[in-house]
Protein chains: 2
Amino acid sequence: MTSSAFGDASALGDSPAQGDAAPRRATTIKDVAKKARCSIASVSRVVNDSGPVSTGLRRRIATAVAELDFRPSEVGRSLVLKRSRTIGVLVPSVTNPVFADCLAGLQETARRAGHAVLIAQSDYEPGREIEAIAPLIAERPAGLVLTVCDPAASAAHLRAATAGIPTVLLFNEAVAAGDAVVTVDNRGAGREIAEALIRHGHRRISFVAGRFAASDRARARFEGVGDALAAAGLPVAPPIEIDFIDGPDRIDLSDLLARSRPTAIVASNDLLAIGVVAALRRHGLAVPDDVSVAGFDGIAIGRLIAPALATIEWPARAMGAAAAAMLLDLVAGRGDAAARVVTLPHVWRPGGTLAGAPNVSR
Amino acid sequence: MTSSAFGDASALGDSPAQGDAAPRRATTIKDVAKKARCSIASVSRVVNDSGPVSTGLRRRIATAVAELDFRPSEVGRSLVLKRSRTIGVLVPSVTNPVFADCLAGLQETARRAGHAVLIAQSDYEPGREIEAIAPLIAERPAGLVLTVCDPAASAAHLRAATAGIPTVLLFNEAVAAGDAVVTVDNRGAGREIAEALIRHGHRRISFVAGRFAASDRARARFEGVGDALAAAGLPVAPPIEIDFIDGPDRIDLSDLLARSRPTAIVASNDLLAIGVVAALRRHGLAVPDDVSVAGFDGIAIGRLIAPALATIEWPARAMGAAAAAMLLDLVAGRGDAAARVVTLPHVWRPGGTLAGAPNVSR
DNA sequence: TTGTATGCGTTATCAG
DNA sequence: CTGATAACGCATACAA
């Protein structure tokens, strides 16, 4: 590559191979002080705009800061302040779009507030939560945002509390008084989804979930479905666990279809739902003609596939943003007790995967 | 705290509302030293297994560490070591599954190596890269993994180099000698995809991209497509930019379809490709009967939709893992020059969105 | 308004 | 083998 594109790449071209280069020491507050012929205290004062500094000195320091390209070390700052400008986030998996959306919103508002975001994944395994957040806690974060399997029995949540780290639960249900949480009405959503199915004439409805025991959300959604079924005098079948840790593309519905012949399947989340649709097709079943499918989350992809996925949509990105905002409030001592539990609204999003039950409307 | 640690959730039940609670000071190395009746130097030695310690003292310290649940502060450690056990990652967006996959793999290997991961997003805007990584650099990370718009003109890449921070480019092409990079053969992939289309009888092929100017990957992929078209004596139309920053669901193909009537569309990535399929349908065009579509990335969702998305698949998760591994090597001074550029293999994944050109095979 | 000095939690050097 | 202690980069109480 010779010339071109954007400006001039020569600055990079002759950069020495990294790693061999002596890792040039970052400029510190001392360097600035020396250059501005003052004490580090004054530098600190202008950088953080804390305390009085004469106009002349202020300018000298500003110049030195600019010329040396001084960026205060968050490490040094964190050490003295006993808390970093970092937010630790634990999600089951960043590859589930609903959590990726959360993360995006969370990162965005954190960044605007001058905070960095550390991530960790539990892979939906309760046992991994603890080891996943250990590195986060070791960084002495300002706070944590956790989506755990079961907040009532989460070692991770407990450790955060024990460590005195402000924590916001995301998507989980509040279990103890004082829990800060940004969540949704999982049970109500389950009810709505089942009611929609019942309206369409469905009577044999199956509920499938990934690791059912490892998700309070899945349990709540199932309970909601059960509420609606019971209210309609319909039988409530136990939830069916589906293994899709190794991707939603290897889903096996043989067992389910061998045991029962549901006219509709409710999946505990959209990613699973989309996998279920594909699996049904592999079994020669048409969606929605033979079987209707619905999910939860409202991930963007669901709108793009054909037929569009019927789902419950919550504002994942906004939830991440809200969690970050709430956490920052907590950290700043603005933890309004009334605002500790925020339940964001959801909407039922109709989609082509849901149609009338085969023997009824077709 | 009366009783104890794990297994007893009662500590949570009656925990005072957080934020009000006096943020109980984390136990430090001094606490351990006092309890073990020794110096902090010895504690450090057993914790890091550096230097000799008698068996007796070692046991006393181990006991104290366990009883006090001592976790060394990474902040203090980072300060003296001048570098934290943290890896900063910049991606265009975590909501694009291909980057979420990268991130997942990266985070996983980083975690195993005892490193935390800080994230940042550029939203595909070159101008945002610099401000996005500033918070990362402020944390004095061990290294950075960047996916930038244009590595040849990236202020972010330049600043990382200037700051002497080991950096690995992910998905980008190496532009300067010494660049460490984990990437794929974007141009070759473009060639393959176009060859497949040509084999199917397509002659009018359009290439669409998000922000074309903001992605060296898109450019390389387009060049590859051009290679194949030219080799087949077919005209090469300029790439078409499609705005899909606000989600791939609001894609407007009116312009494209008004100007030309391609029998096949190559999208610069899968997310866009799926959006294109949906947009075509809104225009009353059938895929693949009227128009074939293909993309790049091989995101999991592409396999689940119907018809399955024809695409080039690269091992995104493994790429993230490889980038982390390479970075850690670099940091440890194991930066084998020969291993600085790793190009991972891709495969052509046929899919139902690609069929014979309308006027040829049907 | 400015500077001095202390300490944050840790590693590492150097004496014992 | 063990301990005392000097950094590391920064904010801040206290002096001047």
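All heavy atoms count here, side chains included; hydrogens, waters and symmetry mates do not. Lettering follows sequence order; numbering is per chain, from 1.
Chain A approaches DNA chain D over the interval D/dC8 to D/dT12, counting the first and last nucleotide 5' to 3' with an atom under 4.0 Å from its heavy atoms.
With sequence neighbours excluded, the residues that form a side chain to side chain donor-acceptor pair (under 3.5 Å) with A/T95 are A/S93. Among residues two or more places apart in sequence or in another chain, the side chain to side chain contact (heavy atoms under 4.5 Å, CB included) test is passed with A/L57 by A/C38, A/S42, A/V53, A/S54, A/R60, A/I61. When the salt bridge (charged side-chain N to carboxylate O under 4.0 Å, His left out) test is applied to A/R112, the partners found at least two apart in sequence or on another chain are A/E108. The salt bridge (charged side-chain N to carboxylate O under 4.0 Å, His left out) test applied to A/E139 returns no partner, not counting sequence neighbours. With sequence neighbours excluded, no residue forms a salt bridge (charged side-chain N to carboxylate O under 4.0 Å, His left out) with B/R317. Annotation: side chain to side chain donor-acceptor pair (under 3.5 Å) contacts of B/T27 (sequence neighbours excluded): none. Remark: A/R140 engages no residue in a salt bridge (charged side-chain N to carboxylate O under 4.0 Å, His left out) (not counting sequence neighbours).
Smallest separation of non-hydrogen atoms from A/L90 and A/I133: CD2-CG2, 3.8 Å.
Along DNA chain D, the nucleotide closest to B/S54 and the one closest to A/S42 are compared, and the more 5′ of them pairs with B/S54.
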Using a cut-off of 4.0 Å between protein heavy atoms and nucleotide atoms, how would you tag nucleotides 7-16 of chain C 5' to 3' with B, S and -? BBBBBB----
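Listed by first and then second residue, the salt bridge (Lys or Arg N to Asp or Glu O under 4.0 Å) pairs that reach into residues 152-169 of chain B come to none, sequence neighbours excluded. Applying the salt bridge (Lys or Arg N to Asp or Glu O under 4.0 Å) test to residues at least two apart or on different chains, the pairs with a partner in residues 34-44 of chain B are B/K35-B/E67.
With the end axes of the helix from C/dT1-D/dA16 to C/dG16-D/dC1 each set by five pairs, the angle from one to the other reads 50° at 10° resolution.
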